[in-house]
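A short worksheet on the structure shown next.
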Amino acid sequence: MATTEFGRTVRCWRDRASPETAGLPAGGQRRTPGLRREELALLAGISVDYVTRLEQGRAINPSAQVVEALGRALRLSGAEREHLFRVAGLVPPGQGTVPAYITPGVHRMLDRLTGTPVAVSDAAWTLLLANPLYTALMGEWHGSERNAVWRNFLGSDSRVRYTPRDRRALDAVHVAELRATASRYPADRRLRRLIAELHANSERFAALWDSGAMAEPHEVSRKTVDHPQVGAVTLDCDVLSVTGGDLRIIMYTAEPGTQDAERLALLAVVGTQTFPGQGASIGS
């Protein structure tokens, strides 16, 4: 029953969600005013086939990650998000878990900043949402790679240049912030699993974690991104906090009138054609 009700609920809310509300262009003829399955799949980072099977009740037991992604894509209110978890047969995330709810205001901000690479992560530095230009600039991430701390200690090389000193500073900040997040959300099992995996597989992480090292929080910095299409782009990186939601908004901007600004503008044209998604895929 829960799966059938979940499918009906997703279909109902998909039908009522307009492309404009979801941050998509409204061009073309539509048989219904709502989102197409392909659009919902793109926004949520899951396959179209999986969305179809969920709506038809042929896929059972969607994960909390999938439910969360669908809720963000459909731009549900807090109460609607809780209802979606319950009809999926899941307990809505409680106060002891890392928040992943993105407010309508943050959604609208990303919709308007089309010429600026912007992304939203939770307090554990897991990517929740990215606009197309951010994905074009930084690449598309899947699975564990969606977490910036995991990428730093266990992932492959990123497009961002780091000197040895920069890397050491980033390591210290990541460990300190993850420790602080773990203390705020002691009931979050996913966060505990992330920390255990990092501790077991990264000597750098384990040494910093065991030492109790502290670091200054993120602040404005300049980063050079080696992009495969437009070349090296040096940008200011600002990390903003969302009061009450414990979210991180990451923004990259270029100094006006520079070659970096020209390359970012070029990426806005050619890069988003190569990377059309709204964020990293979470799989099904």
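Residue numbers run from 1 in the order of the sequence given.
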#### Entry: Sidechain-backbone polar pair: Ser202 side chain, His199 backbone, donor-acceptor under 3.5 Å
no
### Query
Is there a chain of hydrophobic side chains (I, L, V, M, F, W, Y, each step under 4.5 Å between heavy atoms) that links Leu240 to Leu110?
yes
### Summary
residues 247-265 vs salt bridge (Lys or Arg N to Asp or Glu O under 4.0 Å), sequence neighbours excluded, gives Asp246-Arg248
### Task
Nearest 0.5 Å please: distance from the CG atom of Leu208 over to the CG atom of Leu198.
11.5 Å
### Query
Which atoms form the tightest heavy-atom contact between Ile195 and Ala182, and what is the distance?
CD1-CB, 3.8 Å
#### Entry: Residues Glu39 and Arg36 bridged, charged N to O under 4.0 Å
yes
### Query
In Å and rounded to the nearest 0.5 Å, what is the CG to CG distance from Leu76 to Leu84?
6.0 Å
### Message
With a 4.5 Å cut-off on side-chain heavy atoms, are Tyr50 and Val66 touching?
### Response
yes
### Task
Kindly give the heavy-atom pair with the smallest separation between Ala232 and Thr224, and that separation in Å.
CB-CG2, 4.1 Å
### Val230 side chain reached by Leu264 side chain, heavy atoms, under 4.5 Å
no
### Query
Which pairs, with at least one residue in residues 186-197 and sequence neighbours excluded, count as a side-chain hydrogen bond (donor to acceptor under 3.5 Å, both in side chains)?
Trp150-Glu197
### Query
Side-chain contact, heavy-atom cut-off 4.5 Å: Thr234 with Lys223?
no
### Task
Could you give me the CA-CA distance, side-chain angles and deciding distance for Arg146 and Gln65, then say whether side-chain contact (heavy atoms from CB on, under 4.5 Å) is met?
CA-CA 12 Å; Arg146 294 171 58 248; Gln65 192 177 8; 2.7 Å; yes
### Message
Do Asp236 and Tyr252 have side chains that approach each other closer than 4.5 Å (heavy atoms only, starting at C-beta)?
### Response
no
### Message
With clusters defined by side-chain heavy atoms of hydrophobic residues (ILVMFWY) lying less than 4.5 Å apart, directly or transitively, does Leu247 cluster with Tyr101?
### Response
no
#### Entry: Carboxylate-amine/guanidinium contact Glu55 Arg14, below 4.0 Å
yes
### Task
Taking all heavy atoms of Ala187 and all of Thr97, pick out the closest pair and write down the distance.
O-CG2, 4.1 Å
### Task
Taking ring-ring contact (aromatic ring centres under 6.0 Å, His included) as the test, write out the residues that go with Phe205, two or more places apart.
Phe153, Trp209
### Task
Would you sort out whether Ile102 and Arg75 count as a side-chain contact (heavy atoms from CB on, under 4.5 Å), showing the intermediate values?
CA-CA 8 Å; Ile102 299 178; Arg75 305 207 175 180; over 6 Å; no
### Summary
Separation between CG (Leu127) and NE2 (His142), nearest 0.5 Å, reads 11.0 Å
### Task
Measure from the side-chain N and O atoms of Asn131 to the backbone N and O of Thr116, and report whether any donor-acceptor pair falls under 3.5 Å.
yes
### Summary
Note: Pro99 and Asp122 closest approach over all heavy atoms is O-CB, 3.5 Å
### Query
Going by atom types only, do Thr126 and Asn147 share a side-chain donor-acceptor pair under 3.5 Å?
yes
### Query
Just how far is it from atom CG of Leu35 to atom CG of Leu42, taken to the nearest 0.5 Å?
10.0 Å
### Query
Roughly how far, to the nearest 0.5 Å, is CZ of Arg184 from CG of Leu191?
10.0 Å
### Query
With side chains defined as the heavy atoms from C-beta onward, is the minimum distance between Ile250 and Trp125 less than 4.5 Å?
yes
### Query
Ignoring hydrogens and geometry, is there a side-chain-to-backbone donor-acceptor pair from Thr181 to Glu177 under 3.5 Å?
yes
### Residues which pass salt bridge (charged side-chain N to carboxylate O under 4.0 Å, His left out) with Arg112, listed by chain and number, not counting sequence neighbours
none
### Query
Can any side-chain N or O of Arg151 pair as donor or acceptor with the backbone N or O of Glu145 at less than 3.5 Å?
yes
### Message
I need the full list of salt bridge (Lys or Arg N to Asp or Glu O under 4.0 Å) pairs touching residues 160-169, with sequence neighbours left out, sorted by first then second residue.
### Response
Arg161-Asp226
### Query
What are the two closest non-hydrogen atoms of Arg159 and Met138, and how far apart are they?
NH1-C, 3.7 Å
### Message
Is the shortest side-chain heavy-atom distance between Ser144 and Leu154 below 4.5 Å?
### Response
no
### Query
Looking only at atom types and distance, does a side-chain atom of His227 sit under 3.5 Å from a main-chain N or O of Leu267, one as donor and one as acceptor?
no
### Task
For atom CD of Glu203, decide whether the heavy atoms of other residues, nucleotides or ligands shown that lie under 6.0 angstrom number more than 12.
no
### Message
Salt bridge or not between Glu80 and Arg86? Use side-chain N to carboxylate O under 4.0 Å.
### Response
no
### Query
If you look only at pairs with a residue in residues 60-69, which of them pass as a salt bridge (Lys or Arg N to Asp or Glu O under 4.0 Å), with sequence neighbours excluded?
Glu68-Arg81
### Query
Minimum heavy-atom separation for Trp13 to Leu74, with atom names?
O-CD2, 3.8 Å
### Task
Could you walk me through whether Ile249 and Val242 pass side-chain contact (heavy atoms from CB on, under 4.5 Å), step by step?
CA-CA 7 Å; Ile249 299 176; Val242 179; 3.7 Å; yes
### Task
Check step by step if side-chain contact (heavy atoms from CB on, under 4.5 Å) holds for Leu235 and Thr253.
CA-CA 5 Å; Leu235 305 168; Thr253 56; over 6 Å; no
## Note on the structure
Rounding to 0.5 Å, atoms CZ (Arg11) and CG (Leu40) come to a distance of 11.0 Å
### Query
Is Val270 reachable from Leu137 through a run of I, L, V, M, F, W or Y residues, each pair having side-chain heavy atoms under 4.5 Å apart?
yes
